[in-house]
Amino acid sequence: MIDESRSVEPTLEPLDEFVVVQPLSDESETRAGLILPASATEAAPCRTGIVTEVGTDADGVDVGDKVLYPREAGYDVRLGGIDVKILKREEIIARIHD
């Protein structure tokens, strides 16, 4: 018998060359302090996110890295109420150091 009263936190473990990225908000602030709404940046070809899990064959990125990737790349997944992207390592364009 399964005890349904117990809540299990879902986890996502990428395999091989896959990486799990939590996208950052598209809303951004300019250097002058102006806040650009997400609708103003929807046409941007790239997004940024934080790497949350890394597959065994995904070299060059680590958990916690801020990365740049194409907006249409990967797979959208909703896990435990959080939206994440599953990308192949080769789809990640760059690490961001700020």
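Just so it is clear, the model here is predicted, and its values are computed rather than measured.
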Fill in: For Gly60 against Arg95, the heavy-atom pair lying closest together
O-NH1, 3.2 Å
Practice prompt. Determine yes or no for a side-chain-to-main-chain donor-acceptor pair under 3.5 angstrom, with Lys85 supplying the side chain and Ala73 the backbone.
Written response: yes
Practice prompt. Can you measure from CD1 (Ile50) to CG (Asp65) and round to the nearest 0.5 angstrom?
Written response: 8.5 Å
Worksheet item: What is the minimum heavy-atom distance between Ala58 and Phe18, and which atoms define it?
Response: CB-O, 4.1 Å
Item to complete: Could you pull out the closest heavy-atom pair between Leu79 and Thr11, with the gap in Å?
Response: CD2-C, 3.9 Å
Discussion item. If I take atom CG from residue Asp76 and atom CD1 from residue Ile86, how far apart are they, to the nearest 0.5 angstrom?
Written reply: 9.5 Å
Worksheet entry | Val77/Asp83 under side chain to side chain contact (heavy atoms under 4.5 Å, CB included): CA gap, chis, key distance, verdict | CA-CA 6 Å; Val77 176; Asp83 291 323; over 6 Å; no
Discussion item. I need the minimum non-hydrogen distance between Val19 and Pro14, along with the two atoms involved.
Written reply: N-CB, 4.2 Å
Discussion item. Just verifying a value: how many Å separate Gln22 CD and Ile82 CD1, rounded to the nearest 0.5 Å?
Written reply: 5.5 Å
Worksheet, complete the sentence: Between Leu24 and Arg47 the two heavy atoms that sit nearest each other are O-NH2, 3.0 Å
Worksheet item: Does one hydrophobic cluster hold both Leu15 and Tyr75, with members joined at side-chain heavy-atom distances below 4.5 Å?
Response: no
Worksheet item: Charged N to carboxylate O below 4.0 Å: is that the case for Arg89 and Asp59?
Response: no
Response to the item:
Nearest heavy-atom contact between Val51 and Val67 is CG2-CG1, 3.8 Å
Discussion item. So Leu68 and Ile92, do their side chains get closer than 4.5 Å, heavy atoms only?
Written reply: no
